[in-house]
Structures are given as structure tokens and as C-alpha cells.
Amino acid sequence: MNKNAKIYVAGHRGMVGSAIVENLKANGYENLLTATSSELDLRNQKATNAFIAEQKPDVVIIAAARVGGILANNEYPWQFLYDNLMIEANLINAAHENDIQDLIFLGSSCIYPKHADQPLKEEYLLTGPLEPTNEWYAIAKISGIKLCQALNKQYGRKYISMMPTNLYGPRDNFDLKTSHVLPAMIRKFHEAKENGHAPVPLWGTGSPMREFLHVEDLAESVLFIMEYEDELEYDLTNAGTGEDLTIKKLAETVQQVVGHEGDIDWDSSKPDGTPRKLMDVSRINELGWKADIGLEEGIRDTYQWFLDHLDEIKEVEINS
Ligand SMILES: NC(=O)C1=CN([C@@H]2O[C@H](COP(=O)(O)OP(=O)(O)OC[C@H]3O[C@@H](n4cnc5c(N)ncnc54)[C@H](OP(=O)(O)O)[C@@H]3O)[C@@H](O)[C@H]2O)C=CC1
Ligand SMILES: C[C@H]1O[C@H](OP(=O)(O)OP(=O)(O)OC[C@H]2O[C@@H](n3cnc4c(=O)[nH]c(N)nc43)[C@H](O)[C@@H]2O)[C@@H](O)[C@@H](O)C1=O
């Protein structure tokens with residue numbers, strides 16, 4: 001990839017988008033294009049088309065989306081379906097209409113059937129029913145994959161869909177109503193420790209299993225795919241560590257890193273969601289990329305970021 005290539009990172013202020021921008025800059029790509037959601041609402045097709053036509057990036061990386069944890073997905077099906085459909089459709093269509101040949105679309109592990117065999121292979125897509133708490137988001141992301149594959153098939157585009165597992169790291173969402181489990185645990189254990197090691201309320205039974213990839217590893221995988229010079233055999237690839245653990249074990253790990261010494265109270269009235277969603281990462285591993293950051297090291301790094309940015313932790317509304 002030419003280091004002077006103009007690369008548009010949609011969603012550059014998010015946890016993933018900001019890690020991708022940092023990674024690109026560290027690897028000598030300075031000609032980066034970005035726009036905040038107030039500068040460019042990607043749900044607006046006319047504005048998105050005009051932006052892409054005017055700016056003419058060489059590469060588009062889609063890290064813009066409506067994102068949230070299990071309760072937020074369950075509570076706001078409309079936003080998780082509609083916003084994500086519009087964002088991806090507008091960007092993928094505008095890239096094609098402006099003859100941009102390279103695009104990377106980020107989906108998520110929730111696209112796979114709830115009870116698919118583990119680890120999840122890319123070919124398991126659409127082979128069974130989805131997890132009800134996030135089927136709205138999943139259908140949007142599956143549609144994004146199909147939009148890319150239709151353009152690849154019909155017009156010879158090279159639009160690659162990458163499916164990351166659960167991600168975490170600096171600039172994650174720590175709003176307890178809308179966040180994912182790992183940042184929620186970091187904040188809950190920290191605040192409880194500061195409150196005399198008060199009991200920590202966690203959701204579900206603790207028995208589901210999850211895989212966690214540090215966002216800096218994910219950014220490296222996006223760079224790897226973007227720079228891959230040979231013809232890619234597949235236009236859909238998972239990205240993960242290939243290892244998972246129970247939510248209960250995750251809680252014990254975060255509790256130990258944070259230094260909380262109180263009780264954990266499991267609220268089984270809250271949903272567990274998918275029992276397990278371990279990604280099969282053999283496709284991307286065989287190409288030459290592997291995750292590097294271990295979970296405990298990554299949690300320590302993220303907790304430190306959280307402590308250094310306590311004054312910046314903000315509410316994240318979904319129905320805005
Ligand atoms: N977090 C996770 O665990 C996982 C995330 N992913 C995927 O990674 C990608 C990024 O996720 P993540 O970084 O966690 O999400 P964040 O919520 O941290 O960031 C999302 C970004 O999308 C932008 N955005 C949202 N709506 C709009 C809109 N209407 N118009 C323009 N921009 C918009 C926001 O821009 P602004 O800040 O300017 O408002 C924000 O920067 C998503 O595609 C997600 O599906 C996949 C697997 C797991
Ligand atoms: C990336 C992926 O993320 C989402 O799927 P998820 O992995 O099920 O989401 P989650 O991280 O919010 O929960 C993981 C597990 O953890 C348990 N849990 C315990 N205590 C808390 C808690 O305090 N907060 C949260 N959020 N979960 C908790 C929770 O009950 C569940 O069993 C999709 O919506 C979709 O966005 C997607 O693709």
C-alpha cells in the first residue's frame with residue numbers, strides 16, 4: 001500500500017477507529033481522512049456521497065457504527081438495526097460509486113448463529129438462528145458483508161469484511177448502561193474498591209464464555225489486511241485470539257487487577273446472551289497475523305488508561 005494513500009477512517013474517534021488511526025500513523029500513513037458524526041452523519045446518504053465524491057479517498061475503513069453491550073442492543077433494536085444499516089450502506093455504496101477499489105468493513109462475532117459449533121468458522125454464517133438480544137445489530141452487520149460481497153462478485157471490488165471478537169482497550173465505552181462487559185467490570189470493581197470494597201453487581205450467571213481481543217491487536221490486523229499484497233482468497237475473515245474464558249473467570253481476573261476485595265453479586269434476571277462465541281482465526285493466522293496482547297496484560301493497560309482518564313468518562317446515549 002502506498003504510504004501516501006489517502007485513507008478514510010470512518011468512526012475515527014471511537015475505540016476501534018482511534019486505535020486504527022494511531023496504528024496507521026505509527027506505520028507511516030499520514031494522509032488520513034476523518035470526520036466526526038456532527039460533521040458528517042453517515043446515516044445521510046446525500047451528505048455521505050458528497051463527502052466521498054469531494055474527498056476521493058483511496059481506501060475506506062468502516063469503524064463507524066452504533067455499538068453497545070447486551071442490554072443496549074436488547075433495549076434499542078431500532079437504532080442498532082437502522083443506524084448500522086444506513087452507515088454501512090451509504091459508505092459502501094459511495095465507495096463503489098466513486099470507484100474506490102479498497103474498503104475494509106468491520107462487523108462482529110455476533111453475526112454467527114447462537115448455537116453454532118465452536119470455534120466459529122466464517123462458513124457458519126447464516127446456518128442457524130441468531131442470539132435474540134443482538135439479532136438487530138447482527139442482521140445489520142450481515143447485510144454489510146453481503147453488500148461488500150455483491151460488489152466484489154458483480155464489479156470486481158476488493159471489499160473485505162473483518163469480524164472481530166469482543167474488543168476492549170483505551171477509549172472504550174465505560175458508561176454502565178451501554179458498555180460491554182469488560183469496561184463495565186473495570187469501572188464497577190474500581191468504584192466498589194473506592195467505596196470500601198462494596199459488593200459488585202454483575203449481570204447474568206457468569207457462565208457464558210467470551211473471547212477478548214485488545215483493540216491495538218485489532219488495529220494491527222486491519223493494517224495487515226490493508227497491506228496484504230497478494231490476492232486474498234476470502235473476502236470475509238475473523239479476527240480474535242482463539243482463546244476464551246467464562247464471564248465469572250473474567251470477573252475474577254478484573255477484580256484481581258483492580259484490587260477489589262469484596263463480594264460479587266450475580267443478577268440472573270439480566271440476560272446471559274450467547275453461551276459462547278469463540279472465533280476460528282485460522283484464516284487470518286494462515287495469512288500471517290496473530291494476536292499478541294495477553295488478556296491480563298491488556299486489562300492492566302486498559303485499567304491504567306481508565307485511571308488516567310477518569311475525568312473524561314462520559315454518558316453514551318443510544319437513542320440520540
Ligand atoms: N467494541 C466491541 O467490542 C466491538 C466492536 N466492533 C466493531 O468495531 C467498530 C467500532 O466499534 P467501537 O469503536 O467499539 O465503537 P464506538 O462506539 O467506540 O465508536 C463508534 C464510532 O462510530 C461513529 N458513529 C456512530 N454513529 C455515527 C453516525 N451516524 N455518523 C457518523 N459516525 C457515527 C462515532 O463517531 P463520533 O465519535 O464522531 O460520534 C464513533 O466514533 C464497529 O463497526 C463495531 O461493530 C466489532 C466487534 C466488537
Ligand atoms: C461484541 C458483542 O457484544 C455484545 O454481545 P455480548 O458479548 O453478549 O455483550 P456484553 O459484553 O455486553 O456481555 C457479555 C456477557 O457479560 C455479562 N455481563 C456481566 N456483567 C455485565 C455488565 O456489567 N455489563 C455488561 N455489558 N455485560 C455484563 C453479560 O450478561 C453477558 O453474558 C453484542 O450485543 C454485540 O455488541 C457484539 O457483537
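Counting starts at 1 for both ligands and their atoms, in listed order. Numbers here are sequence positions counted from 1. All values reported here derive from a predicted model rather than from experimental measurement.
Between S109 and ligand 2 there is no heavy-atom distance shorter than 4.0 Å. Look at K141 and you'll find every heavy atom at least 4.0 Å from all atoms of ligand 2. The closest approach between a heavy atom of G107 and any atom of ligand 1 is below 4.0 Å. In this structure, K141 is part of the shell of residues with a heavy atom less than 4.0 angstrom from ligand 1. Within the structure, the closest approach of K270 to ligand 2 does not fall below 4.0 Å when heavy atoms are considered. A heavy-atom separation below 4.0 Å is not found between T274 and ligand 2. Not a single heavy atom of A72 sits under 4.0 Å from any atom of ligand 2.
The shortest contact between atom 3 (O) of ligand 1 and any protein heavy atom is with L167 N, 3.0 Å. At the shortest separation from atom 5 (O) of ligand 2 among protein heavy atoms lies K277 NZ, 3.2 Å. The nearest heavy-atom contact from the protein to atom 33 (C) of ligand 1 is S37 CB, 3.9 Å. Looking from atom 15 (O) of ligand 1 to the surrounding protein, the closest heavy atom is V67 CG2, 3.5 Å. Ranking protein heavy atoms by distance to atom 8 (O) of ligand 2, first place goes to R210 NH2, 2.9 Å.
Aromatic ring centres of F306 and H190 lie closer together than 6.0 Å. Here the two rings, on F189 and Y303, have centers that are 6.0 Å apart or farther.
Contacts of N173 with ligand 1, taken as heavy-atom pairs under 4.0 Å, are absent altogether. Counting heavy atoms closer than 4.0 Å to ligand 2, residue P201 contributes nothing at all. Residue-level proximity to ligand 1 for M86 is absent, since no heavy atom of it falls below 4.0 angstrom.
Under the 3.5 Å distance criterion, the side-chain polar atoms of E315 are left unmatched by any main-chain donor or acceptor of D175.
Looking at A64 next to ligand 1, no N or O pair under 3.5 Å apart turns up.
With a 6.0 Å cutoff to the six-membered ring centre and a 45° limit on the axis angle, R66 does not count as a cation-pi contact of F80.
Ion pairing of E135 with K141 is absent here, as no side-chain N (NZ or NE/NH1/NH2) approaches a carboxylate O to less than 4.0 Å.
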